[in-house]
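First up is the structure itself, then whatever we jot down about it.
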Amino acid sequence: MKTSVHSEIGKLEGVIVHTPGSEVENMTPENAERALYSDILNLSIASKEYAQLNGVLQKVTRVFEVKDLLSVILEKEEVKHQLLNDICTLEKIELSRSLLNTPADVLSKLLVEGVALEKNNLTNYLSNERFWLRPLHNLFFTRDSAMGMNESMLVGKMANPVRERESMIMDAIFNHHPEIETTVLNPSKPAFEIQVHPRSTIEGGDVQIAREDIFVIGTGIRTSTQGIDFIIESIKRTKKEKHHIIVQELPSSPESFIHLDMVFTFLNKHECMVYPPVIFGMSRYRTIHLEIENGRVNKIEEFPNIPAALQKLGMDLEPISCGGHVDAWMQEREQWHSGANFFAFEPGKIIGYQRNNHTLDELNSKGYEILAATDVIEGKISIDDYKKCVVTIAGSELARGGGGARCMTQPIRRAEVNW
């Protein structure tokens, strides 16, 4: 499969996911904050909810699991040695021979779910750590570790060290898996002699492809301005035609604002989901448009908000309010539980949490039919029968992890949109 992501809404043809496993439960209230969670999840409930998301995706596209992709590349000895060496160097642990001799399918699981610390010496005996190699608690939010940008895959440079192994795994997959063809852009391994600032961070939750020549990127606690500068430099060196980057500054708190896709997502050719207080509220958070052409930045200007900047570039989007447009309290409550975090698998066909009733009512008033994921999976309803729809998945537990359907999906191929 050749990667191709030229929009946020084109018909989905390939997506990477990770079904949460024991790594989610290998977390306690004491270490949850270090793992970037505000609460601990119940895996048995979260798994049932995630099965709804996965079931819908299986109906509409080809789905790849991270562990399966990782198992394939670990069959290559040179790839296994390099990846393990890089991980152990990063996490300051000694590369063990037993790990090198572990079969690929088992090793793939260990690199995700963690390796227990053996209490076989004084240091380990006195350690408060349970794991020698920590679990990847956040991996089921596959969006952040890599993102499609036209024909390339941009590997994330994570803001927190606990997630850096996720990016290493995705970089190895995109460079070595025989079924995926792509050009890899990695700020940790910059090409084109690009100088990368030490403070550069980029996470996929902040990067959205409005159109093949327009990128909308949030900057805040997860994606730095220096990280966006890396994207600018990559465009300058690889594209001669005009490209646009719209940058949205984000609040540093509360934690529900960690990424742009928690306050703004594309739904259709002419519609977007917004959290009004951040996108339209009078605040010090700026919207900045950069124009790039022939290897240089031609223009930098400010706009009142993202829709206004997009309209100037020929994309006229009607904003639909997360939590409805009447009650600011409901907007705040539903945004907290990823009420703006929708994932489009076709123009006007999206997936989101069923718990956000006011948001769903607002979508329904705009012509979106509300469909239960269970009905879609069981074949009681055909998505093809609807021009616009929201497929709703259960989210009482998953939402407490701090992300929604867009966070849990990493598209690698979409069909072109007939604009």
Gap between atom OG1 of Thr409 and atom CZ of Arg143 - 0.5 Å precision: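 OG1 of Thr409 is found 4.5 Å from CZ of Arg143.
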With rounding to the nearest 0.5 angstrom, report the CG to CG distance, Leu74 to Asp105.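 With rounding to 0.5 Å, CG (Leu74) is 9.5 Å from CG (Asp105).
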Where the side chain of [X] meets the backbone of [Y], is there a donor-acceptor pair that is under 3.5 Å apart?
{"X": "Gln52", "Y": "Thr374", "value": "no"}
{"X": "Asn356", "Y": "His337", "value": "yes"}
{"X": "Ser338", "Y": "Asn341", "value": "no"}
{"X": "Glu346", "Y": "Gly10", "value": "no"}
{"X": "Glu334", "Y": "Thr359", "value": "yes"}
{"X": "Asn42", "Y": "Ile45", "value": "yes"}
{"X": "Thr3", "Y": "Glu151", "value": "yes"}
{"X": "Glu166", "Y": "Ser145", "value": "no"}
{"X": "Asn186", "Y": "Ser188", "value": "yes"}
{"X": "Lys76", "Y": "His176", "value": "yes"}

Are the charged groups of [X] and [Y] less than 4.0 angstrom apart, N to O?
{"X": "Arg414", "Y": "Glu8", "result": "no"}
{"X": "Asp171", "Y": "Lys189", "result": "yes"}
{"X": "Glu179", "Y": "Arg62", "result": "yes"}
{"X": "Lys67", "Y": "Glu65", "result": "no"}
{"X": "Arg134", "Y": "Glu129", "result": "yes"}
{"X": "Arg165", "Y": "Glu91", "result": "yes"}
{"X": "Glu369", "Y": "Lys387", "result": "no"}
{"X": "Asp144", "Y": "Arg163", "result": "yes"}
{"X": "Lys366", "Y": "Glu362", "result": "no"}

Please find the pair of heavy atoms, one from Glu113 and one from Phe131, that lie closest to each other, and give the distance.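 In terms of heavy atoms, the two residues are closest at O-CE2, 4.0 Å.
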N/O donor-acceptor pairs under 3.5 Å from side chains in residues 210-221, not counting sequence neighbours:
{"residue": "Arg211", "atom": "NE", "partner": "Asp213", "partner atom": "OD1", "Å": "2.8"}
{"residue": "Arg211", "atom": "NH1", "partner": "Leu313", "partner atom": "O", "Å": "3.3"}
{"residue": "Arg211", "atom": "NH2", "partner": "Asp213", "partner atom": "OD1", "Å": "3.4"}
{"residue": "Arg211", "atom": "NH2", "partner": "Asp213", "partner atom": "OD2", "Å": "3.1"}
{"residue": "Arg211", "atom": "NH2", "partner": "Leu313", "partner atom": "O", "Å": "3.4"}
{"residue": "Glu212", "atom": "OE1", "partner": "His6", "partner atom": "ND1", "Å": "3.3"}
{"residue": "Thr219", "atom": "OG1", "partner": "Thr223", "partner atom": "O", "Å": "2.9"}

Parallel, tilted or perpendicular: which one describes the rings of His289 and Phe303, with boundaries at 30° and 60°?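 His289 vs Phe303 ring planes: perpendicular.
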Does Arg333, at its CZ atom, have more than 12 non-hydrogen atoms belonging to other residues, nucleotides or ligands within less than 6.0 Å?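 No.
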Please report the C-alpha distance between Glu271 and Lys388 in whole Å, then the side-chain angles of each, then the deciding distance to 0.1 Å, and finally whether the salt bridge (charged side-chain N to carboxylate O under 4.0 Å, His left out) criterion is met. CA-CA 11 Å; Glu271 293 167 318; Lys388 292 165 61 173; 3.1 Å; yes
